[in-house]
> 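Sharing a structure with you now.
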Amino acid sequence: MNRAVRRLVRAAPAAALLLAVTACSGNAQENTPASPSSAPTPSASAGQRTTASTPPSSSERSIPMETKVKVTLDGRLVEATLNNSPAARDFTELLPLTLDLQDFHSTERIAGLPRKLDTDGAPEPVAATVGDIAYYAPWGNLALFYQDGPAPSGDLLILGHLDVGADQLGRATRITIEATS
């Protein structure tokens, strides 16, 4: 699946949720797009609409939907992006990282992280696919999938994706991940 299609498939659940929320709102201004300051807050309970009293802080506004990171696998630069999940944002706080990789179940390359990541607010689980960067919460380790992973699990959080072939990823022994400017 090419990169554009993969992004579209990953964005579809968010678009469906936005459509459902928009269609179900009892707001009389249905044809007028809501401004960011009048959007419901995540803490609003069902059937209750609240408005933000202050605009988002500069740090909230600066978090893009995907964050490019500089990744080097065994000395070779590869393109990579992280998603906007809380765990992925927490992962960026650990950067830069250089980790030794080992094989796990002939499916993924794994490495321990310096600390466990914050998994609060994790998205719905999805099955890992080739190139996915994931976090396995029970062990606190990073997983790089060079084969499609098992069925979705709440213990496995997808953090992002590497644009690299399965063969190169399956042989990798060392990864360096750095934030880009």
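All values derive from a computational prediction rather than experimental measurement. In what follows, residues are counted from 1 in the order of the sequence shown.
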> Test side chain to side chain contact (heavy atoms under 4.5 Å, CB included) on Ile133 and Ile158 and set out the steps.
CA-CA 6 Å; Ile133 304 166; Ile158 305 300; over 6 Å; no
> Does Thr173 offer a backbone N or O that forms a donor-acceptor pair with the side chain of Asp74 under 3.5 Å?
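Yes.
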> For residues 109-128, which residue pairs pass the ring-ring contact (aromatic ring centres under 6.0 Å, His included) check, not counting sequence neighbours?
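The answer is none; no pair qualifies.
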> Name all residues meeting the side chain to side chain contact (heavy atoms under 4.5 Å, CB included) criterion together with Arg76; count only those two or more places apart in sequence or in a different chain, and write none if there are none.
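Counting only residues at least two positions away or on another chain, Arg76 forms a side chain to side chain contact (heavy atoms under 4.5 Å, CB included) with Gln168.
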> Report the residues that fulfil side-chain hydrogen bond (donor to acceptor under 3.5 Å, both in side chains) with Asp148, sequence neighbours left out, ordered by chain and then residue number.
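side-chain hydrogen bond (donor to acceptor under 3.5 Å, both in side chains) check on Asp148 returns nothing, list empty.
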> Just how far is it from atom CG of Leu99 to atom CG of Leu113, taken to the nearest 0.5 Å?
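The CG atom of Leu99 sits 6.0 Å away from the CG atom of Leu113.
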> Could you give the distance from CD1 (Ile177) to OG1 (Thr72), rounded to the nearest 0.5 Å?
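It comes to 9.5 Å.
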> Among all residues two or more places apart in sequence or in another chain, which pass the side chain to side chain contact (heavy atoms under 4.5 Å, CB included) test with Glu93?
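Expected list: Asp90, Arg115.
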> Using side chain to side chain contact (heavy atoms under 4.5 Å, CB included) as the criterion, list what pairs up with Ala88, not counting sequence neighbours.
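So Ala88 forms a side chain to side chain contact (heavy atoms under 4.5 Å, CB included) with Leu82, Asn83, Ser85, Leu159.
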> Side chains of Leu101 and Leu144, heavy atoms from C-beta outward: is any pair under 4.5 Å?
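Leu101 vs Leu144: side chains touch.
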> Ile175 and side-chain contact (heavy atoms from CB on, under 4.5 Å): which partner among Leu73, Val78, Thr98, Leu97?
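In the set Leu73, Val78, Thr98, Leu97, the residue that makes a side-chain contact (heavy atoms from CB on, under 4.5 Å) with Ile175 is Leu73.
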> Can you list everything that forms a salt bridge (Lys or Arg N to Asp or Glu O under 4.0 Å) with Lys70? Sequence neighbours excluded, please.
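Glu178.
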> Residues in side-chain hydrogen bond (donor to acceptor under 3.5 Å, both in side chains) with Ser153, at least two apart?
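For Ser153 there are no side-chain hydrogen bond (donor to acceptor under 3.5 Å, both in side chains) partners, ignoring immediate neighbours.
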> Can you list the other members of the hydrophobic cluster that holds Leu156, where links are side-chain heavy atoms under 4.5 angstrom apart?
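Members other than Leu156 - counting any ILVMFWY side chain reachable under 4.5 Å - are Phe104, Ile110, Tyr136, Trp139, Phe145.
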> Which residue pairs pass the salt bridge (Lys or Arg N to Asp or Glu O under 4.0 Å) test with at least one member in residues 118-127, sequence neighbours excluded?
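Applying salt bridge (Lys or Arg N to Asp or Glu O under 4.0 Å) to every pair that reaches into residues 118-127, excluding sequence neighbours, yields nothing.
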> For Asp100, enumerate each residue passing the side chain to side chain contact (heavy atoms under 4.5 Å, CB included) test, keeping only those at least two apart in sequence or located in another chain.
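With neighbours one apart ignored, the set is Arg174.
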> How would you list all residue pairs meeting ring-ring contact (aromatic ring centres under 6.0 Å, His included) that involve residues 111-135, not counting sequence neighbours?
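Residue pairs passing ring-ring contact (aromatic ring centres under 6.0 Å, His included), neighbours aside: none found.
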> To the nearest 0.5 angstrom, please state how far the CG atom of Leu117 sits from the CZ atom of Arg89.
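CZ of Arg89 is found 12.0 Å from CG of Leu117.
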> May I ask you to test the Glu66-His161 pair for a side-chain heavy-atom distance under 4.5 Å?
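Of all side-chain heavy-atom pairs linking His161 with Glu66, none is under 4.5 Å.
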> Which residues pass the salt bridge (Lys or Arg N to Asp or Glu O under 4.0 Å) test with Asp103, not counting sequence neighbours?
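For Asp103, the residues satisfying salt bridge (Lys or Arg N to Asp or Glu O under 4.0 Å) (neighbours in sequence not counted) are Arg109.
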> Within this structure, what is the CG-CG distance for the pair Leu162 and Leu169, rounded to the nearest 0.5 Å?
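CG of Leu169 is found 6.0 Å from CG of Leu162.
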